[in-house]
Amino acid sequence: MHVPDGFFDAPTSVVTGVVAAAAVGVSLRKARNELDDRTAPLVGLVAAFVFAAQMLNFPVVSGTSGHLMGGAIAAVLVGPWTGVLCVSTVLLVQGLLFADGGITALGTNVVLMALTTVVVGWALFRALQVVLPKKTAMVPVCAAVGAFVSVPVASLVFVALYAVGGTADISIGGLATAMLGVHTLIGIGEAAITFLAVGSILAVRPDLVYGARRVLEQRELVIKSSTTDSTTEVAA
Amino acid sequence: MRQVSTRLVAGGILLVALLLAGVVSFYASSSPDGLESVADEKGFIDTAGDHATGDGPLADYDAGLDSDRASVGVAGVVGVLVVLGLGTGLTYVVRRRTPETQVERDSVSTSA
């Protein structure tokens, strides 16, 4: 969904640029609290994985393809604030080095693919974690649902921006229908990749998955208290 | 069961990223993506301007080698390494400037 130069008028591009810069600025501050000895070694690698996966366009309907956006994966693996930084780094490199996504559209692309997918993916992930059973096995499921929904929502944010500052005079209703349709299908791919990626790391080292911490903490508390009990019994 | 080391997990992710970008990318669909296809259908694809770095050595994930397979593979590997470097550097900078409140909280939890 990389927006090229020219799709949006200058005022809209300036506003999305300011919003993107503010989001990255806040993320730089907030990410400090997410980065510890477990998440920190993985941040660059998660960003690199998102870059690699974004190269892999998969066919969705005849003549149309889609690729990962990666907001939900990054948020669940290293934390939402760090996730915004990961995907923004990918978009910056793509725009500058690979001519993928316009330079004047960088702010728009950060808003759509870094900000929207992280916010929607993480919010839904957390909401599902509260509602569903507190089991480690549910983490990839919650992540996949968040990933699935994040893609069509990002496409609707594009439509909303287009209604405000799109450079062509087209029917916004028609644009919304077309964007939502194809991006719902792309969302299925996003969900599958997210499920596999989060599930793989969870299988070998659940403690390295940021989004699994609350589930693991609860489990550790139970184990620790039972250990203390048995020690007390032995001592007595 | 022995715990898999963080180093091994990190190496695994790097290997997967390099394989996806360096090898699998050649087999990716070349059809227009969702946005391009909708822009084409709705008739505004031509409003896209020329890219400012469109003549760069890696533009459009093409390293300009004789073989298409090598061109996209090299571009992908370079991209993975550049993103990895930036992401890791960013992490280092953000962590070095740890605010005092965080230090206090860490020392409390360590002593507890």
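Each chain gets a letter, A, B and so on, in the order the sequences are listed, and its residues count up from 1.
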So what's closer than 4.5 Å to chain B heavy atoms on [X]: side chain, backbone, both or neither?
X        : answer
A:Tyr162 : side chain
A:Val78  : neither
A:Asp37  : both
A:Ile186 : side chain
A:Leu28  : both

Could you tell me which of [options] has the largest number of non-hydrogen atom pairs under 4.5 Å with chain A?
options                            : value
B:Ala17, B:Ala75, B:Gly12, B:Gly79 : B:Gly79
B:Leu86, B:Thr6, B:Val82           : B:Thr6
B:Ser29, B:Ala21, B:Ala28          : B:Ser29
B:Leu19, B:Asp60, B:Val77, B:Val78 : B:Asp60
B:Val9, B:Thr88, B:Leu84           : B:Leu84

(message) The criterion is salt bridge (charged side-chain N to carboxylate O under 4.0 Å, His left out); which residues satisfy it with B:Arg69, sequence neighbours excluded?
(response) none
Heavy-atom pair with the smallest gap, counting every atom of [X] and [Y]:
X       : Y       : answer
B:Gly76 : A:Phe51 : O-CE2, 3.6 Å
A:Thr64 : B:Ser37 : OG1-OG, 3.0 Å
A:Met1  : B:Leu35 : O-CD2, 3.7 Å

Pick from [options] with the largest number of heavy-atom pairs that fall under 4.5 Å of chain B:
options                               : result
A:Ser171, A:Pro41, A:Cys86, A:Gly174  : A:Gly174
A:Leu175, A:Leu85, A:Leu45, A:Leu42   : A:Leu45
A:Ala168, A:Ala40, A:Pro59            : A:Ala40
A:Asp36, A:Thr167, A:Val43, A:Val61   : A:Asp36
A:Leu208, A:Asp207, A:Asp169, A:Thr82 : A:Leu208

Chain A contact via [X] - which portion, at a heavy-atom distance below 4.5 Å:
X       : answer
B:Ser5  : backbone
B:Val38 : side chain
B:Glu36 : neither
B:Val16 : side chain
B:Leu90 : side chain

Let me check something: any side-chain donor-acceptor pairs from residues 65-74 of chain A under 3.5 Å, sequence neighbours excluded? List them with distances.
residue: A:Ser65; atom: OG; partner: A:Asn57; partner atom: ND2; Å: 2.9
residue: A:Ser65; atom: OG; partner: B:Ser31; partner atom: O; Å: 2.9
residue: A:Ser65; atom: OG; partner: B:Pro32; partner atom: O; Å: 3.4

(message) Would you say NZ of B:Lys42 has more than 12 non-hydrogen atoms from neighbouring residues, nucleotides or ligands within 6.0 angstrom?
(response) yes
(request) To the nearest 0.5 angstrom, please state how far the CZ atom of B:Arg95 sits from the OG1 atom of A:Thr39. (result) 7.0 Å
(request) Find out whether B:Ile13 and A:Ile201 are in side-chain contact, i.e. whether some heavy atom of one side chain is under 4.5 Å from a heavy atom of the other. (result) yes
(request) With the side chain counted from C-beta on, respond yes when A:Met55 and B:Val72 share a heavy-atom pair under 4.5 Å apart, and no when they do not. (result) yes
Per-pair distances, 0.1 Å, donor-acceptor, side chain in residues 92-105 of chain A, under 3.5 Å, sequence neighbours excluded:
residue: A:Gln94; atom: OE1; partner: A:His2; partner atom: NE2; Å: 2.7
residue: A:Gln94; atom: NE2; partner: A:Gln54; partner atom: OE1; Å: 2.8
residue: A:Asp100; atom: OD2; partner: B:Tyr61; partner atom: OH; Å: 2.7
residue: A:Thr104; atom: OG1; partner: A:Asp5; partner atom: OD1; Å: 2.5

(message) Heavy atom to heavy atom, less than 4.5 Å: which residues from residues 45-58 of chain B reach chain A?
(response) B:Ile45, B:Thr47, B:Ala48, B:Gly49, B:Asp50, B:His51, B:Ala52, B:Thr53, B:Gly54, B:Leu58
